[in-house]
A.B. asks: 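Please read through the structure below; I'll follow up with questions.
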Amino acid sequence: MQLSPRQRFLKALLGHEVDRAPVANPNTIVTVELQEKANAYFPDAHNNAVIMAKLAAAGHTICGYDVVFPVFGAGTQEAAALGVPVDWGDKHNLPSIAGHIWADVDDISIPGDFLEKPSIKTVLDAIRILRDQFGDEVGIIGKVYGPWSMAYHTFGIEPFLVNTIEDPEKVKAILHRLKEIPLMFAQAQIEAGVDALNVCDHITRALVSPRAYPEFLLEIHQEMSREIPCPLILHCCGPTLDRVGYFNESGMECFNFDSTNNLQEMRAKAKMVLLGHINCPQTLYKGTKEDVRKEVFAALDAGVEIIGPECAMPVNGKLSNLIAIREAVEEYYGRSDLMVHVVS
């Protein structure tokens, strides 16, 4: 069975048989080296669709991944469209939130022309460019920041989390108002040409108990899964073994998990397709190609269906290590004892 990169990615994402595990990144893999090779640079890539598409395409044309991914910031595209101050960074730094704008539920205001705001239109136009460039050959992953993470950007992490204890009804009201943003942005990205969407909601153990997910977010994620007509990849950083059982109920097809979680335990507990979990801050940033190879082989041995970085690649990390992920996957499937290996 010989599949195109897009076919391979989509089949694996839906739990179907594939010729080899796809290599995919639902978060940015842009490094300084990749910018230089593609001749496309931050910060222009965040607000210029042609440059964004050119840099995203390098994930396939230079790294050899089965997908391209054109959203490089962590919710900063949506935040900027809402009026949140954003530092767009530079060649060596990803964009970041520079302030917060709301304190109460009634402060929430989503512009009627949200999809026409420059930071949002850039993403939609870049997706159209990529679909025209690659047709049906390569998968395209889009990205939305979920209401929990968007609340961090608009209300501030500490005030929002304090309210989960002191005023949970306020938190629920905030989340239900903010969910309209990913629902609207997701639909627009689908119409522009994405095959799947990364939904980032950082409700990790480092910040809240596992019960926070069913109390505040599960119902919203289930609604998003029903209303967004494409496969969804849930991304949540940090330790998540204590809440992946709840994530299983979200209706999302895939979970992008990180290396703080034991592979075998995650595979045993997760009922979703798994994507990950190659370590970014150590292995990809400053490790060797052999380090990458060991982590890729371990993930495949454990039954991880889609291989990729656990989260956003450090901008000053090694491009050679990103390429080594794909090379290691190809080597794994080239072993004589695994020639007929498939994922199901």
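Note that the structure is a prediction, hence the values are computed from the model and not measured.
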A.B. asks: Is there a donor-acceptor contact under 3.5 Å from the side chain of Y65 to the main chain of L322?
C.D. replies: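 Yes, because the side chain of Y65 sits within donor-acceptor range (under 3.5 Å) of the backbone of L322.
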A.B. asks: Does the E265 side chain pair with the main chain of L241, one donor and one acceptor, at a distance under 3.5 Å?
C.D. replies: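 No, the answer is negative, given that no donor and acceptor are paired below the 3.5 Å cut-off.
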A.B. asks: Return yes if some donor-acceptor pair links the side-chain N/O of H221 with the main-chain N/O of Y213 below 3.5 Å, else return no.
C.D. replies: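 No: the side chain of H221 does not pair with the backbone of Y213.
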A.B. asks: Does W88 form a ring-ring contact (aromatic ring centres under 6.0 Å, His included) with F42? I'd like the steps, not just the answer.
C.D. replies: CA-CA 8 Å; W88 289 108; F42 292 163; over 10 Å; no
A.B. asks: Is there a side chain to side chain contact (heavy atoms under 4.5 Å, CB included) between N279 and E310 once you walk through the steps?
C.D. replies: CA-CA 6 Å; N279 176 276; E310 62 183 349; 3.6 Å; yes
A.B. asks: Looking at E219, I'd like to know if its CD atom is crowded, meaning that more than 12 non-hydrogen atoms belonging to other residues, nucleotides or ligands lie closer than 6.0 Å.
C.D. replies: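 Open: at most 12 neighbouring heavy atoms sit under 6.0 Å from CD of E219.
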A.B. asks: Given 3.5 Å as the limit, does a donor-acceptor pair link the side chain of E33 with the main chain of L319, or not?
C.D. replies: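 Yes, the answer is positive, given that a donor and an acceptor are paired below the 3.5 Å cut-off.
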A.B. asks: Just checking K172: does its NZ atom have more than 12 heavy atoms from other residues, nucleotides or ligands closer to it than 6.0 angstrom?
C.D. replies: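 Atom NZ in K172 is packed in, count exceeds 12.
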A.B. asks: Would you say K121 has more than 12 foreign heavy atoms packed within less than 6.0 Å of its NZ?
C.D. replies: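 No, not enclosed.
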A.B. asks: If we ignore hydrogens and angles and just use 3.5 Å, is the side chain of N93 paired with the main-chain N or O of D90 as donor and acceptor?
C.D. replies: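 No, the answer is negative, given that no donor and acceptor are paired below the 3.5 Å cut-off.
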A.B. asks: With the 4.5 Å side-chain cut-off for hydrophobic clustering, are F216 and W102 part of the same group?
C.D. replies: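 Cluster IDs for F216 and W102 match.
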A.B. asks: Do I203 and V208 touch side chain to side chain, with heavy atoms closer than 4.5 Å?
C.D. replies: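 They are in side-chain contact.
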A.B. asks: Are F9 and L14 in one and the same hydrophobic cluster, where Ile, Leu, Val, Met, Phe, Trp and Tyr link if side-chain heavy atoms are under 4.5 Å apart?
C.D. replies: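 F9 and L14: separate clusters.
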A.B. asks: Please give me the minimum heavy-atom distance between T76 and I97, naming the atom from each residue.
C.D. replies: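 So the two residues come closest at CG2-CD1, 3.9 Å.
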A.B. asks: Indicate yes or no for a side-chain donor-acceptor contact from Y246 to the backbone of R211 under 3.5 Å, with no hydrogens or angles considered.
C.D. replies: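 Answer holds: no.
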A.B. asks: Quick one: do D66 and R326 make a salt bridge, cutoff under 4.0 Å?
C.D. replies: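 Judged by the 4.0 Å cut-off on N to carboxylate O distance, D66 and R326 do not form a salt bridge.
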A.B. asks: Is it the case that more than 12 heavy atoms not belonging to K170 sit under 6.0 Å from its NZ atom?
C.D. replies: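 Yes, NZ of K170 has more than 12 neighbouring heavy atoms, counting only those of other groups under 6.0 Å.
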A.B. asks: Out of curiosity, K179 NZ to D201 CG, how far, rounded to the nearest 0.5 Å?
C.D. replies: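 So the NZ of K179 and the CG of D201 are separated by 13.0 Å.
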A.B. asks: Give a yes or no on whether M266 and L275 share a hydrophobic cluster (residues Ile, Leu, Val, Met, Phe, Trp, Tyr; joining criterion: side-chain heavy atoms under 4.5 Å apart).
C.D. replies: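 Yes: a chain of side-chain contacts under 4.5 Å links M266 to L275.
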A.B. asks: Please lay out, stage by stage, how L82 and I181 fare under the test side chain to side chain contact (heavy atoms under 4.5 Å, CB included).
C.D. replies: CA-CA 10 Å; L82 293 172; I181 298 169; 3.6 Å; yes
A.B. asks: When rounded to the nearest 0.5 angstrom, what distance separates OH in Y41 from CG in L34?
C.D. replies: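 Taking OH in Y41 and CG in L34, the distance rounds to 10.5 Å.
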A.B. asks: Please tell me if the side chains of P147 and P182 come closer than 4.5 Å, counting only heavy atoms from C-beta onward.
C.D. replies: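 Yes. Closest side-chain heavy atoms under 4.5 Å.
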A.B. asks: Tell me whether F114 at atom CZ has more than 12 heavy atoms from other residues, nucleotides or ligands lying less than 6.0 Å away.
C.D. replies: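 Correct, the count exceeds 12.
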A.B. asks: Between atom CG of N47 and atom OG1 of T122, what is the distance when rounded to the nearest 0.5 Å?
C.D. replies: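 If I round to the nearest 0.5 Å, the distance is 5.0 Å.
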A.B. asks: What closest approach, in Å, do T260 and G238 show between heavy atoms, and which atom pair accounts for it?
C.D. replies: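 Smallest interatomic distance, heavy atoms only, reads OG1-C, 3.2 Å.
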A.B. asks: Is there a side-chain contact between C254 and M272 in this structure, where contact means two heavy atoms from C-beta onward sitting under 4.5 Å apart?
C.D. replies: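 No, every pair of side-chain atoms sits at 4.5 Å or beyond.
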A.B. asks: Flag the pair D291 and K294 as a salt bridge only when some basic side-chain nitrogen lies within less than 4.0 angstrom of an acidic carboxylate oxygen.
C.D. replies: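 K294 and D291: not salt-bridged.
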A.B. asks: Any donor and acceptor pair, going by atom type alone, linking the side chain of N198 with main-chain N or O of V144 inside 3.5 Å?
C.D. replies: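 No.
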A.B. asks: Determine whether R293 and E290 satisfy the following criterion, salt bridge (charged side-chain N to carboxylate O under 4.0 Å, His left out), listing intermediate values before the conclusion.
C.D. replies: CA-CA 5 Å; R293 178 181 179 276; E290 180 58 23; 3.5 Å; yes
A.B. asks: Check whether I51 and V71 end up in the same hydrophobic cluster, where Ile, Leu, Val, Met, Phe, Trp and Tyr are linked by side-chain heavy atoms less than 4.5 Å apart.
C.D. replies: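 No; V71 is not reachable from I51 via cluster members.
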A.B. asks: Looking at R267 and E305, is any side-chain nitrogen of the basic one under 4.0 Å from a carboxylate oxygen of the acidic one?
C.D. replies: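 Salt bridge present between E305 and R267.
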A.B. asks: Taking the side chain as every heavy atom from C-beta outward, state whether H60 and P5 have any pair of such atoms under 4.5 Å apart.
C.D. replies: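 Yes, their side chains come closer than 4.5 Å.
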A.B. asks: Does any N or O in the side chain of D195 come within less than 3.5 Å of the main-chain N or O of I140, such that one atom is a donor and the other an acceptor?
C.D. replies: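 At least one qualifying donor-acceptor pair exists.
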A.B. asks: Is it true that a side-chain atom of N25 and a backbone atom of F69 form a donor plus acceptor pair closer than 3.5 Å?
C.D. replies: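 Side chain of N25 to backbone of F69, a donor-acceptor pair under 3.5 Å: no, none is there.
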A.B. asks: Do the charged groups of K117 and D113 touch, with an N to O distance under 4.0 Å?
C.D. replies: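 Yes, this pair counts.
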A.B. asks: Just checking, any donor-acceptor pair under 3.5 angstrom between side chains of D301 and Y332?
C.D. replies: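 Yes, Y332 and D301 have a side-chain donor paired with an acceptor closer than 3.5 Å.
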A.B. asks: Do K289 side-chain atoms and I323 backbone N/O form a donor-acceptor pair below 3.5 Å?
C.D. replies: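 Not a single qualifying donor-acceptor pair exists.
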A.B. asks: Considering all heavy atoms of both residues, which atom of V86 and which atom of P95 are nearest to each other, and what is their separation?
C.D. replies: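 That closest heavy-atom pairing would be CG1-CB, 4.3 Å.
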A.B. asks: Enter the distance from L234:CG to S250:OG here, rounded to the nearest 0.5 Å.
C.D. replies: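 Nearest 0.5 Å value for the CG-OG distance: 6.0 Å.
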A.B. asks: Output, in order, the C-alpha distance, side-chain angles, deciding distance and verdict of side chain to side chain contact (heavy atoms under 4.5 Å, CB included) for L175 and F160.
C.D. replies: CA-CA 11 Å; L175 294 173; F160 178 72; 4.0 Å; yes
A.B. asks: Quick one, H277 and V304 - any side-chain contact, counting heavy atoms below 4.5 Å?
C.D. replies: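 SC-SC contact between H277 and V304 ruled out.
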A.B. asks: Should the pair F255 and F247 be assigned to parallel (<30°), tilted (30 to 60°) or perpendicular (>60°) ring geometry?
C.D. replies: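 Rings of F255 and F247: perpendicular, over 60°.
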A.B. asks: Side-chain donor-acceptor pair under 3.5 Å between N27 and N256, yes or no?
C.D. replies: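 Indeed, the side chains of N27 and N256 share at least one donor-acceptor pair under 3.5 Å.
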A.B. asks: What distance separates T61 OG1 from K54 NZ, expressed to the nearest 0.5 Å?
C.D. replies: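 Separation between the atoms: 10.5 Å.
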A.B. asks: Which heavy-atom pair separates I306 from A12 by the least distance, and what is that distance?
C.D. replies: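 Nearest heavy atoms, I306 then A12: CG1-CB, 4.0 Å.
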A.B. asks: Would you please test L207 and W148 for side chain to side chain contact (heavy atoms under 4.5 Å, CB included) and show each step?
C.D. replies: CA-CA 12 Å; L207 298 173; W148 186 274; 5.5 Å; no
A.B. asks: Less than 4.5 Å apart, side chain to side chain, heavy atoms only: is that true for V105 and F155?
C.D. replies: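 The answer is no, as the side chains (C-beta and beyond) never meet within the 4.5 Å cut-off.
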A.B. asks: In Å and rounded to the nearest 0.5 Å, what is the CG to CD1 distance from D132 to I127?
C.D. replies: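 With rounding to 0.5 Å, CG (D132) is 12.0 Å from CD1 (I127).
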A.B. asks: So do the side chains of I190 and P229 get within less than 4.5 Å of each other, counting heavy atoms only?
C.D. replies: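 They are in contact (side-chain heavy atoms under 4.5 Å apart), so the answer is yes.
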A.B. asks: Give the ring-plane orientation class for Y145 versus H202, where under 30° counts as parallel, over 60° as perpendicular and anything between as tilted.
C.D. replies: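 Rings of Y145 and H202: tilted, 30 to 60°.
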A.B. asks: Hydrophobic cluster membership, with links at side-chain heavy-atom distances under 4.5 Å among I/L/V/M/F/W/Y: are Y285 and V30 in one?
C.D. replies: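 No, because Y285 and V30 fall into different hydrophobic clusters, even though each may have its own neighbours under 4.5 Å.
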A.B. asks: With side chains defined as the heavy atoms from C-beta onward, is the minimum distance between L183 and M224 less than 4.5 Å?
C.D. replies: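 Yes, close enough: below the 4.5 Å cut-off.
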A.B. asks: Which pair of non-hydrogen atoms, one from I141 and one from A24, has the smallest distance, and what is that distance?
C.D. replies: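 Scanning both residues, the minimum pair turns out to be CD1-CB, 4.3 Å.
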A.B. asks: What closest approach, in Å, do Q35 and K91 show between heavy atoms, and which atom pair accounts for it?
C.D. replies: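 That closest heavy-atom pairing would be NE2-O, 2.9 Å.
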